[in-house]
Number of protein chains: 2
Amino acid sequence: MRISQLSAESGVPIPTIKYYLREGLLPQGEQTSATRAEYGTAHLHRLRLIRALLEVGRLPVAAIRKVVEAVEDERTGVHTMLGTAHYALASPPDPHAGDEDWEEAREHVDRLIAELGWAVSPHAPGRDELAQTLLTLRRLGMAAIDADLLPYAAAAMNLARDHEMGMIPFDGPRDVAVETLVVCTVLYGKALEVFRRLAHESESARLLTPARDHAEVRTQDT
Amino acid sequence: MRISQLSAESGVPIPTIKYYLREGLLPQGEQTSATRAEYGTAHLHRLRLIRALLEVGRLPVAAIRKVVEAVEDERTGVHTMLGTAHYALASPPDPHAGDEDWEEAREHVDRLIAELGWAVSPHAPGRDELAQTLLTLRRLGMAAIDADLLPYAAAAMNLARDHEMGMIPFDGPRDVAVETLVVCTVLYGKALEVFRRLAHESESARLLTPARDHAEVRTQDT
DNA sequence: GGTGCGTGGATAGCGCAACTATCCAGTAGC
DNA sequence: GCTACTGGATAGTTGCGCTATCCACGCACC
């Protein structure tokens, strides 16, 4: 398959494919001559993965590059590779400037994770992200105590343990495992986010509008 | 309070505050003379809200403007206002070009929501977002059948019903209600996203590394 | 063995979003 | 009056994800 066919099948313009090749998101095609290269279905699949992470997951190109680098580095073990891929999904940390409020929030997070008994590296970027989120909640005047957070932690662990780890083919090829992990995190994460908004709308409708409005909505719905 | 003090207390540079004023994210201060205006704690609070939605929620400025416009439009009822605010949190729709795969995904979503019995408007943008996500999953070769989705819908509804609707003060001032809804959606959404990644890491560690590694991690952890 | 289109490679430019910098006239407070 | 700061306007900057242009080559078709 040449670049024009890759473009036609994926819907991605040729200059954009060239850009992804340059940026290392997409591996080079197999050179068949000085001005010709051959691309396969793996390239098409990778291209769809890139677009999914960009458009649905809104990941920056740099994060996607980190993910594919983790996949292509054959030296690392599967768990390390999954960790690298996972850490690439984190938001870039912002400087917290030795703030003592921040330190307190970070300690709160560390204590919470310890109490949950989760096997999470002390260097996991999620710890900082969570601390930042708690600090922001507090500054907005919302409590964010353990009782508010635990339901979220429990929901996350339930989904991870009962549904998500089973999706990942640990015994298959390493690239399939890491791709499944990333897709699962990003796309099902998106689905969860949308379900949450829909659930809010539904509950808000039940609490705030008269019963006949439900009937109307349900009627329009069908 | 003058603009310099607002800047000092919030940590937001003066030109940025002026930009937010221009863009309608922040209401004008009370003019005390031709070249002087007075800002209050409401402005400080709003500024923190804007920064939270921007930095933690990564919402575009246009979405934040929609939220504040919904709050400030006194004519609408509380449920409509919450809906407007909520719809502003959706990703902008991309043109699906009358694709028949897309139509099928969208019908799948409508059927799923009907089966769940959720009172969601047929025009809710979340329906399209979910359809797009399902379509993307399929194109990546992942099943995305009801059995895969229902746990996410159930988790979202549990959190909404048991924890989130209780946080929203429906009987208080309307701006507080909508602000709480948005903050709850965006910031607890972020917390949930991070918890999910941490849960993945923890489960991956338990499945893929020898038991002694857990002990090491737990030791470092404390 | 020309001819012409598509290719790979390189470089430069565009468009959007979120700021940021500069200028200016007016005035509050000394 | 002097100075520092203000609100308001306008233009410029940065970063990111593309997109456009150019060029020399070479495969395919005549």
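Atoms considered below: every heavy atom in the structure, side chains included; atoms not considered: hydrogens, waters and symmetry mates.
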What is the distance, rounded to the nearest whole Å, between atom [atom1] of [X] and atom [atom2] of [N]?
X	N	atom1	atom2	answer
B/Arg58	C/dC16	CZ	P	22 Å
B/Ile17	C/dA21	CD1	C1'	16 Å
A/Glu30	C/dT7	CD	P	17 Å

Listed partners of B/Arg106 passing salt bridge (Lys or Arg N to Asp or Glu O under 4.0 Å), at least two apart: B/Asp110, B/Asp128
side-chain contact (heavy atoms from CB on, under 4.5 Å) involving B/Pro173 - partner list, sequence neighbours excluded: B/Asp175, B/Val176
A/Arg174: side-chain contact (heavy atoms from CB on, under 4.5 Å) partners, not counting sequence neighbours: A/Glu74, A/Thr76, A/Met81
Per-nucleotide protein contact string for nucleotides 1-20 of chain D (B base, S sugar-phosphate only, - none; heavy atom under 4.0 Å): ----BBBB-B------BBB-
Pair listing, ring-ring contact (aromatic ring centres under 6.0 Å, His included) test, anchored in residues 34-67 of chain B, at least two apart: B/Tyr39-B/His43
Qualifying ring-ring contact (aromatic ring centres under 6.0 Å, His included) pairs, either residue in residues 66-92 of chain B, two or more places apart: A/His200-B/His86
